[in-house]
2 protein chains.
Amino acid sequence: MNLRRIAELAGTSHTTVSRALNNSPLVARETRERIVRIAEELGYQINAGARGLSTGVRMTVGLLYSYHPGRQIASFYTAQLMHLMGARLAARGFDMMIEAFDPGLDDLTSVVRMIRQKKADGLLVIGYDISEKLATAITSVTNKCVFVNPAYSPWIHRYPAILIDHRWGGKLAADAFRKRGRRRCAAVAEDDPQFAERVSGFAEEFERDSPEYCGTASQLVLRDGTYETAYALAESRLAELASYDGIFVASDVSAIGVMNALLDNGIPVPDQVGIIGYDDVEWIHYTRPPLTTVHQPKAEVAEAAAAEIVERVFEERTESSTHFYKPELVWRGSV
Amino acid sequence: MNLRRIAELAGTSHTTVSRALNNSPLVARETRERIVRIAEELGYQINAGARGLSTGVRMTVGLLYSYHPGRQIASFYTAQLMHLMGARLAARGFDMMIEAFDPGLDDLTSVVRMIRQKKADGLLVIGYDISEKLATAITSVTNKCVFVNPAYSPWIHRYPAILIDHRWGGKLAADAFRKRGRRRCAAVAEDDPQFAERVSGFAEEFERDSPEYCGTASQLVLRDGTYETAYALAESRLAELASYDGIFVASDVSAIGVMNALLDNGIPVPDQVGIIGYDDVEWIHYTRPPLTTVHQPKAEVAEAAAAEIVERVFEERTESSTHFYKPELVWRGSV
DNA sequence: CTGAAAGCGCTTACAG
DNA sequence: CTGAAAGCGCTTACAG
C-alpha cells in the first residue's frame, strides 16, 4: 500500500494524497476527507523512511545509555529515565531507538553510528561517566545531541546538557542530619566528579555550623558503585563507621550495601548510625529500615531532555545550554 | 555525503561504490579497497533509510512493552530484558525502537504503528497481560511478531512466543519448602493466568507427597502486583499467614510486601514463616533476609526472542512456534 | 568487473 | 486547488 494506490482509489494524483494526509491547506476539504477516509479504512500510514528521505527528518531520536559490561543494566534509575523520555518523545511524535555504549571504549565510531546512518535525527546521551573526549567526538559529528545527567565539570557548559544540582543534593543530606541532631558524620562515595559534587555540597553545608564533620576518609572511597563493594568496604571499616552519628552514601545501591553491612554486624540503623542515600530508586522503601534519600527529579529531566533534543532536531537552536534541576530530600526511616 | 560523492572521489560510478560497501563479490579487490578507504576516512556510512526503501528491510525491530499507566515503569524485570534484547539484536546488526503500550486500551492502532509506518521490520511484544484480542490484532497486520513472556493460555500456541514454564517454577518452590521441612504452606498471587500457572504448579507438586497444602484462600488473592497491595493484604490477614510454615508469593515485589508486613509485625522470617518469591529481580538480595526466589532465565529469553524475530524478518520462517524456558530456584535466606 | 537506468515511496517547487 | 516532474540516496536487473 502506498500513496499511489490510495490516489487510484480516490481518483486523484498521489501528490494530492500526500498533501491531504499531511494536512496541507492546499487541498479542498472534500478531497481531503475522501482521501483520509480511504486511508483509514485501509489502515494506511505514510512510509516514514520514504518521507524521511525526502524531508530529511526521520522523527526518531537515538538514546545512548552508558553501560559497564558485566552489569545487568546501567541502573534502574536509567531504565526509569528511558521510559519517561520515551513517553515525552512520543508526545512530540518521535520514536526512540535505544543502544548501550561502553563509556570506557576507545573506538567511538559506534556511538555516532545512528547519526551517520541517518537512522536518528538526534542523540540523547545518558551517563555520568561521559568524558570530554567522548563529548567532543559526538558533537564533532552532530550538534543535535543532548547530554543527560553528565557529571558536573567545567567543560560541560560547552555542550547542551541536562544536569542535576548534586551539590544541592549533598546540602540537603547535611541539613537532614543536622535536623536530627547528628553531629559526627562522614560521607562514602565513588571517586568520580559526579559524586565529588554531592560530597562537597554535603561537607560545605555541614561545616557551616561547625559540627564535627569527619570528612571522607581515604578508606571511605568506593572502587565502584556496586552493592558488593559498598558492603565489603563497610565491613572492613566497621569500627570506624559505627563511631559516626550519620553516614551519607552518595548512591542508593551503595547506601544499602553500607546499611546491610552495619545491620548484619549488629549495629542498629538508625538508632546508632543514621544513613542517607542518593537517587531514590523505586524499590528503596522496601528495605528495613526504609532508606531516607535524595530524590532525583526524573520526570523533569526527561521532559527537559525531550524538549531540548526536539528543538535541536528542528534547528530552532544550536548554541549550547545547560539546564539544572534541584533534587529533594525524601524522609523515610534510616535517619 | 552520499554514494555519489564517494564515487566522484574514487573515480567510479555510485553503483560500484554501493557494491564495494556492501561486500559484493562483483567488485575488483583493488577498487573495493580504494572505495572502503575513502569511505572510512570520511566516516561515511550508508544511509539506512534509503537502503531500507530500496531493499525493504530496515534492520530495526520495535520493542513494545506493556505498561500500566500510573506505574513508573512496567518492571525492572522488563527493563533488564530490554537491555539484553537490545544487545542480542545489535549483535545481529539490528537496532531496537522501544515504546510502551497500555494493554487495556481498546484502540490498538498505535500498537502496530511502527509496522504500518515501516519504521520497524518486526515486533517484539513483552508482557504477560497480552489478550487474545491484542495478539490477533497485531498478527493480522504482520506475521513478523514474537510475543515474549505472555501468560500461558491455550490460544498462545497459535502465535510465535517465548514463554517461561511457570508451572515448573511453582514446582521448584514447593520442592524447596519440602526440603526445608515446611509442611503447612500457602500461595499468594494475583488473579491472572500467568500467576495461576505458578500457583497450580506449586500446589500440584506440594500435594504429591500430601503435606498440608493450605491452598490459596480467596483472601490471599492480590488485586494487583504492587508492593503496597501485598503489604496491606498480609497485614489484614496476619494471624492466618503467621500460622503457615511457608508462603509462596508469585512475584518478588509482592513477596517483599508480604515479608515486610510480617517482619514489621514481629513475625520472624524465616524462623517462623518461610517465604519464596518469583522473578529474581536484581536488587532482591539487598533485603534482610535476602529473598529465596525463582529465577527467570532472562538471558536465554532475550537471545531466543532476538533470534526468532530476526529469522522472521528475513522470512526464513513464518509458522508459529512456542519456546519454553525453565526457571531455576535461587536459595538465599528467606526459607 | 563496471555502469546507466529504473525503481523503492515519499515531498515540494513549479506551472497551471 | 491540482498534477506532472524532479529529487531524496540507495539497490539491482540488465547490458556490456
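Numbers restart at 1 for each chain; the letters A, B, ... are given by sequence-line order, proteins then strands.
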- Item | Nucleotide paired to dA4(D) in any strand shown, Watson-Crick or G-U, under 3.5 Å |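 Check on dA4(D): unpaired, no WC or wobble geometry under 3.5 Å.
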- Counter-base of dA13(D), judged by Watson-Crick or G-U geometry with both distances under 3.5 Å: none
- Task: Report the residue (L53(B) or R29(B)) whose heavy-atom-nearest nucleotide on DNA chain C is the more 5′ of the two.
- Result: R29(B)
- Message: Heavy-atom nearest nucleotide on DNA chain C for N2(A) versus S54(B): which residue maps closer to 5'?
- Response: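 That would be S54(B).
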- Item | DNA chain D contacts made by residues 7-19 of chain B, counting heavy atoms under 4.0 Å | H14(B), T15(B), S18(B), R19(B)
- Message: Tell me whether R158(B) at atom CZ has more than 12 heavy atoms from other residues, nucleotides or ligands lying less than 6.0 Å away.
- Response: yes
- Determine whether more than 12 heavy atoms belonging to other residues, nucleotides or ligands lie under 6.0 Å from atom CD of E30(B).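 No, the 6.0 Å shell around CD holds no more than 12 heavy atoms from other groups.
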- Indicate yes or no: does E311(A) engage R92(A) in a salt bridge with an N to O separation below 4.0 Å. no
- Task: For residues L124(B) and E308(B), determine if any side-chain heavy atom of one lies less than 4.5 Å from a side-chain heavy atom of the other.
- Result: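 No, every pair of side-chain atoms sits at 4.5 Å or beyond.
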- Can you find a side-chain donor-acceptor pair between Q45(A) and T109(B) that sits under 3.5 Å?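 Short answer, no.
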- Decide whether T136(B) and Y159(B) meet the rule of one side-chain donor and one side-chain acceptor closer than 3.5 Å.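 There is such a pair between these side chains.
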- Query: When rounded to the nearest 0.5 angstrom, what distance separates CZ in F101(B) from OH in Y65(B)?
  - Reply: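 Answer for the CZ-OH pair, F101(B) versus Y65(B), is 10.5 Å.
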- Sticking with atom C1', work out how far dG16(D) lies from dT12(D), rounded to a whole angstrom.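 Rounded to whole Å, the distance is 16 Å.
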- Message: When the P atoms of dA5(D) and dC1(D) are compared, how many Å lie between them, rounded to an integer?
- Response: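 Straight-line distance between the two P atoms is 24 Å.
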- Message: Which residues pass the side chain to side chain contact (heavy atoms under 4.5 Å, CB included) test with N143(A), not counting sequence neighbours?
- Response: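 Scan of N143(A) (side chain to side chain contact (heavy atoms under 4.5 Å, CB included), adjacent residues dropped) gives T318(A).
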- Mapping L26(B) and N47(B) to their closest nucleotides on DNA chain D, which lands nearer the 5' end?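 Residue closer to the 5' terminus by nearest nucleotide: N47(B).
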- Message: Under 4.0 Å from a heavy atom of chain B: give me the 5'-most and 3'-most nucleotides of DNA chain C that qualify.
- Response: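 Extent of the interface on DNA chain C: dC1(C) to dG9(C).
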